[in-house]
Amino acid sequence: MAQTVTERPLYIGVQYFYYFLITNIHFMLANLLFLLAFVFVEMSVQNIILFSIALLPAGPSLAALYATMGKMIRERDLSPTKDFWSYYKNNFSIATKYWLFQLTIMTILIVDIYYANHYLAVLSPVFLILLIFTLFVCLYAFPILTRFEVKLKNLFIVSIYAVFRYFKTTLFHISTLVSLGIIYYFAPGITVWFCMSAAAFFIMFNMRKPLQLMEEQLAQRGMEYEEN
């Protein structure tokens, strides 16, 4: 049987490119404050407070980005504008609270690394490891909060546990971060912003098995609770 137009690889490829592009545009609009700072202000420790303030809206927009890419993976269909802002609204509260705490921690660690390099270099690797670990925790936390209703305390615990429990997935996350780093280093700085939806797609793709296992574990606990 001949393939229909919508089943052909070229059509599917163009469709996915459209999904990535439009979702990315909305993500950039949601982070316009930081994008302006990124373009017009020198990225340095001296300006870290300014960048931290500019990054405040990033929490719900990251949650919306991951949720949108998650839907695209599950359903292979998307309404980029509608879905992105719907997820933005639905996850706004928990994502903002979580991001505010993590952003504060990361800001403190960056300042610690800066001063440690100048006054106590031996501590610099320790702060760097903690910063990287915090980033890994974020890569689990945002996908989790987009799929499950969790309290802030439980979100931290489950995310930290997942970094070690799903080590293979963590390695895939590392490769995604390294890829973004390479793009940022070799391409114009603004280029990396156009890769965020693709990066979120790969992260959510890697998270399929962990999220499925978490869902099964939650269902099992629910059954046990009902039996008791």
Any chance the rings of Y19 and F201 have centres within less than 6.0 Å?
-> no
Using modelled atom types and a 3.5 Å cut-off, is there a donor and acceptor pairing between side-chain atoms of [X] and backbone atoms of [Y]?
X: Y98; Y: L145; result: no
X: R165; Y: Y161; result: no
X: T176; Y: A199; result: no

So, for [X] and [Y], which heavy atoms are closest and what is the spacing to 0.1 Å?
X: I110; Y: V45; value: CG2-CG2, 4.4 Å
X: A63; Y: T146; value: O-CG2, 3.2 Å
X: I174; Y: F136; value: CG1-CZ, 3.2 Å
X: A64; Y: F84; value: CB-O, 3.4 Å
X: L155; Y: A141; value: CD1-O, 3.6 Å
X: F205; Y: I73; value: N-CD1, 3.3 Å

Under 4.5 Å between any side-chain heavy atoms of [X] and [Y], yes or no?
X: F202; Y: H173; result: no
X: V150; Y: V158; result: no
X: L135; Y: M106; result: yes
X: F34; Y: L56; result: no
X: T81; Y: W85; result: yes
X: T23; Y: M72; result: no

Check the side chains of T169 and N206 for a donor-acceptor pair under 3.5 angstrom, ignoring hydrogens and angles.
-> no
Return yes if a side-chain donor-acceptor contact under 3.5 Å exists between S52 and T107, otherwise no.
-> yes
Specify whether Y66 and F142 have parallel, tilted or perpendicular ring planes, treating 30° as the upper limit for parallel and 60° as the lower limit for perpendicular.
-> parallel
Y88 vs F92 aromatic rings, parallel, tilted or perpendicular, using cut-offs 30° and 60°?
-> tilted
Over 12 foreign heavy atoms within 6.0 Å of CD, E149 | no
About how many Å separate [atom2] of [Y] and [atom1] of [X], when rounded to the nearest 0.5 Å?
X: R208; Y: L213; atom1: CZ; atom2: CG; value: 12.0 Å
X: F127; Y: I113; atom1: CZ; atom2: CD1; value: 8.0 Å
X: H26; Y: D83; atom1: NE2; atom2: CG; value: 10.0 Å
X: M207; Y: Y166; atom1: CE; atom2: OH; value: 8.5 Å
X: F156; Y: L152; atom1: CZ; atom2: CG; value: 5.0 Å
X: I203; Y: M196; atom1: CD1; atom2: CE; value: 7.5 Å

If two hydrophobic side chains count as joined below 4.5 Å and joins carry through other members, does [X] share a cluster with [Y]?
X: L103; Y: M43; result: yes
X: I108; Y: W99; result: no
X: V178; Y: F172; result: no
X: V137; Y: I129; result: no
X: F27; Y: L78; result: yes

Show your working on side-chain contact (heavy atoms from CB on, under 4.5 Å) between I182 and S179 and close with a plain yes or no.
-> CA-CA 5 Å; I182 292 173; S179 299; 5.7 Å; no
CA sep, side-chain torsions, deciding dist, call: F133, F164, ring pair (Phe, Tyr, Trp, His ring centres under 6.0 Å) = CA-CA 11 Å; F133 181 74; F164 301 101; 5.7 Å; yes
Steps toward side-chain contact (heavy atoms from CB on, under 4.5 Å) verdict (T170, Y140) | CA-CA 9 Å; T170 301; Y140 280 96; 2.7 Å; yes
Check against side-chain contact (heavy atoms from CB on, under 4.5 Å), L128 and S124 | CA-CA 6 Å; L128 180 60; S124 184; 5.5 Å; no
